[in-house]
Amino acid sequence: MANAAPLVLPQGAPQDTPEAKIGGSISRVDGRAKVTGQARYGSDFYGGLSPAYAALRTSSIALGRITALDETDARRVPGVIEIFTYKNVGDRVKAGKLFGQNGYMGTTIAPLASDKIQHDGQIVAIVVAESLEAARDGAYRLKISYAQEKPSATFGSEGLTTVTAASVSKDAEDPKVGDAASAFDTAPVKIDQFYQTQTQHHNPIELFTTTAAWFDGRLTVWESSQNLYGYQNGLAEQLGIDAAAIRIVSPFIGGAFGSRGSLTQRTALVCHAARVLNRPVKLEASRMDGFTIATYRAETRHHIRLAADRDGKLTSLTHEGWEISSRPDNYKVGGTDASTRLYACPNIDSKVNIVHADRNTPGFMRSPPETPYLFALESAMDELAYALGKDPIELRRINDTQNEPIKGLPYTSRNLMPCFDAAAESFGWSKRSAQPGSMREGDWLIGWGAATTMYPTQMSPAAARVILTPQGNVKVQTAGHEIGNGAYTVIAITAADRLGVPLSKVAVELGDSDLPPAPVAGGSNSTASICNVVAKACDQIRDRLANAAVGAQGSPFYAANPLSFRLANGELIAEGRSEALDKAIARAANGAIEAYAENIPYGSDAENLRALYKGQAKLVGGAKMKDRIEFAFGAHLVEVRVHRRTGEIRAPRLVSAFAAGQIVDLKTAKSQLMGGQIWGIASALHEGTEIDRRAARYTTIDLAEYLIPVNADVQEIQTILIPETDDKVNPLGIKGIGELGNVGLNAAVANAVFHASGKRVRKLPIRAEDLLDAPALQA
Ligand code: MOS
C-alpha cells in the first residue's frame, strides 16, 4: 500500500505548443490539476483507509517545567487510543541537529524528551484517537501543571544572552575592508541610525500536517516538504533507522516560504506514534499551533553608519545586526554577506549578533538574510540621498560597481542600473518632486520611494533521470519540490527544449524521496540546479542516439552533423540527415533510452554530490566563490498614499524591474516575482507577529489578527524583466528568482512613506499611528 501513493503526472499544458522553449511564456503544466482539485498535497494522503488521528496539546507557559500530568479525563474520552508525553517518549525520538550545523532540524528543542518547557506553545502531548474530534477533546482534557519561570521575550527583555555569529558558526564571515571607523569620523556627510524588523510567520495555506505509516518495516511519510532527502535522512537519525527504510511523499506543496525546508519536531513524533500503535497516524496541526511548532522570520535590529563625500560617493559603510533566536539554538539570519557587497565603498565593517530569548527557534523565510538586512541598508541609503540633496536613484548610480567591494571580485553579471532605468521610465519617476510632502491629491499625500533588491545566485549538486520511449514520450524524474514556484513547468520546458519534443510528450515526476535526489528548494537554487541537470541528462540521450547512429561522439561525422531530431506521428525523425541515419536512430530508440545524470556545479565538488544523497548538499555561489561573485539584481519603485487626517497608508502602485539571467518561463517567472512584490507590501505595512512581553507568548496567532495584504491593498503592479545573459553562472545561464521579488520592497515603501509624510519610520511594519506626528500630516 505504501508504494501505491498516486503521483499526479502533469500531462502537458492545455495550450501546449510544439515550440515550448526555454525563455518562452506558457501557462503552468500543472495548472489544470491544481485548479480542478486533482493535485494531491502532502495533507491529502491518508496512509490507507483508517488512520488514527493525532492532536497536539501545547504548553501555556514559555519557560519552566511540567510538574504534573493527569491523563485520567483524557483517557476517558471515547475513541482515545494513546497519549504520548515525555513520560513515554523520552529519548526514543532523538532531537537531531540544527540545519546548517550538519543536521536537518529547524529546532533542537525536543518537546517530548523531558519535562522541560523552553518556549510558549511547545508540544507537551500528542493525543491519538479514532477521530480528529476525539483526539482534540482528549488533548483539551489533559490536566497539566507547570512550575513557571520568568521568560525573556524579545529585545529589551531582561535575561537575554548575546553571542556573535562568528563565535558560534564556523562558516560565518563578517565582511570587512579598509578602516570604516576613521573614514566615518572624517566624512562630510553621514547617516548613523538604528532600524528594526518584525517577527513574521509563514502561514502557508496548507497547514502543518504529517501522515505516517509503516508497512513491512518501511516508513512512508506524507508531508509537504521542500527538502525530501533532508527529511528522509533527518528522520532516520531521529528514529534510529536506515534512511533507505523511509520514503517521503510530497508531490504538491501548499505554500512553504522556507517553513518546510528543515524538519519540525512533530514529524518524528507522529512517525513514532504510528510505529508504537502499528497503525497509520495523521496529524493536522491547527493554524494557531503553526506559530510555535514550526519556524518563523526572526525579529532583528540594525545599526547602520554610512558616510559619503559631497559628490555622493560612499566612503564608509558599517552594518551591525542583532537577531532573536531561541535559548539553545544559534539560528543565524546573517545578511551582511549581501549588504556589504551592494555598493562600491573602500571602507566597510560588519558584525552579526545572535540574541537568545525564550522563544521557539526561528528559521528560513523567503530571502531570510536579505529581507531584513536590505531594509536597513536601503532605508539608510535613502536617508543619505536626502542628506546629500540627491535623487535616490542617482545615489545608487554614483555607487554602482561591477566589482564587489570586499575582495574586488567581479560580478558574473550585474545590471542594477538598467533595472532602475527601465523601472523609472515606466513609473514616470522624472516627474517626482524631491521635497517630502510636496505631492498631493486632495487629502492624500503622495510619496514615491526607491530601493534595490539583490539575491545570491546559488546552486547545488543535483541528480535526475530522463527516459525517452520509442513513441517519443519523455519522463523526467527528480526529487524536486513544487512549492508553487512552477517547478513542474520549468523542468518540462527544459526537457522539451533539449530533446526537441512537444511539451505534451513530457511528464515530470517530483516530490518523492524514492526519485533521484534534488537539493532543498531553498536559496532560490532549484531552477538552476535542476534544469541544468535535466538538460545534462537530455544531452546524454542525444549523445547516445548520435553514437548509435554514427559511432563515437568524437567522430568527424558527429562534429559536422550536430544531431537534431523531432517527433512526427510518434516517430523520432532526424532532421537534415540521410536515410541511413534515420534507421540508426530508430535502432537506438527501439526500447526506452534512459539517462541518469548528476551535476556538480562550478565551485562545488564530489564530496558535496555525496552530501546531496544525505540531504545535506551545500549551496555554492553568491558571495561564497573564490574568484567571482554571483547575484541577481532588481529595482523597486513604489507609490504610497498617506491620508492627511488619519495616517492611513496605501501602496497603490509598484513598478519593479529585475535582471536575473535566463528566465525559463516568462509567465511563471512574473507570477513568482509579483508574489514577492506583494509580500514586500505585507512586510512594510501589514505583517508582524506581536508578542506578549511578560508571557513571551505570540498574540496574533490566526489569519484574522495576522495581517496580510488582500485584494484591496494591491492595485497596480508592474513586473519588468530585463534581458540578461550570464554564461558563467551555469550552462543554462539561470540565476533563480524565487527570493528576488520581495527583498528591498519594504525599504522602497518606507522611503515612499517618508517622501509622502516627511516622517522617517525605521521599524516595520509601518502603521497609521506611526504617522500621526508626521510633518506633512500636521500641515
Ligand atoms: Mo527559501 S526561505 O530559501 O525557502
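In listed order, ligands and their atoms are each counted from 1. Nothing fancy with the numbering, it's 1 onward along the sequence.
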Does an N or O from Ser367, backbone or side chain, lie closer than 3.5 Å to an N or O of ligand 1? no
Atoms of ligand 1, numbered as shown, that sit under 4.0 Å from any heavy atom of [X]:
X      : answer
Pro368 : 2 (S)
Gly258 : 2 (S), 4 (O)
Phe364 : 2 (S)
Gly523 : 1 (Mo), 3 (O)
Arg366 : 2 (S)

If you scan protein heavy atoms around atom 4 (O) of ligand 1, the nearest is Gln226 NE2, 3.0 Å
Measure the distance from atom 1 (Mo) of ligand 1 to every protein heavy atom, then report the residue, atom name and distance (to 0.1 Å) of the closest one. Glu739 OE2, 3.0 Å
With distance as the sole test, does [X] use its side chain to make a donor-acceptor pair with the main-chain N or O of [Y] at under 3.5 Å?
X      : Y      : answer
Asp726 : Gly661 : no
Gln265 : Leu269 : no
Tyr706 : His201 : yes
Arg366 : Gly258 : no

Quick one: are the ring centres of Tyr331 and Phe99 less than 6.0 Å apart? no
May I ask you to check whether Tyr373 and His319 place their ring centres under 6.0 Å from each other? yes
For ligand 1, indicate whether the residue Met365 contacts it via side chain, backbone, both or neither (heavy-atom separation under 4.0 Å). backbone
Between Arg359 and Thr199, a side-chain donor and acceptor under 3.5 Å: yes
For Ala521 and ligand 1, answer yes if some heavy atom of the residue is under 4.0 Å from a ligand atom, otherwise no. yes
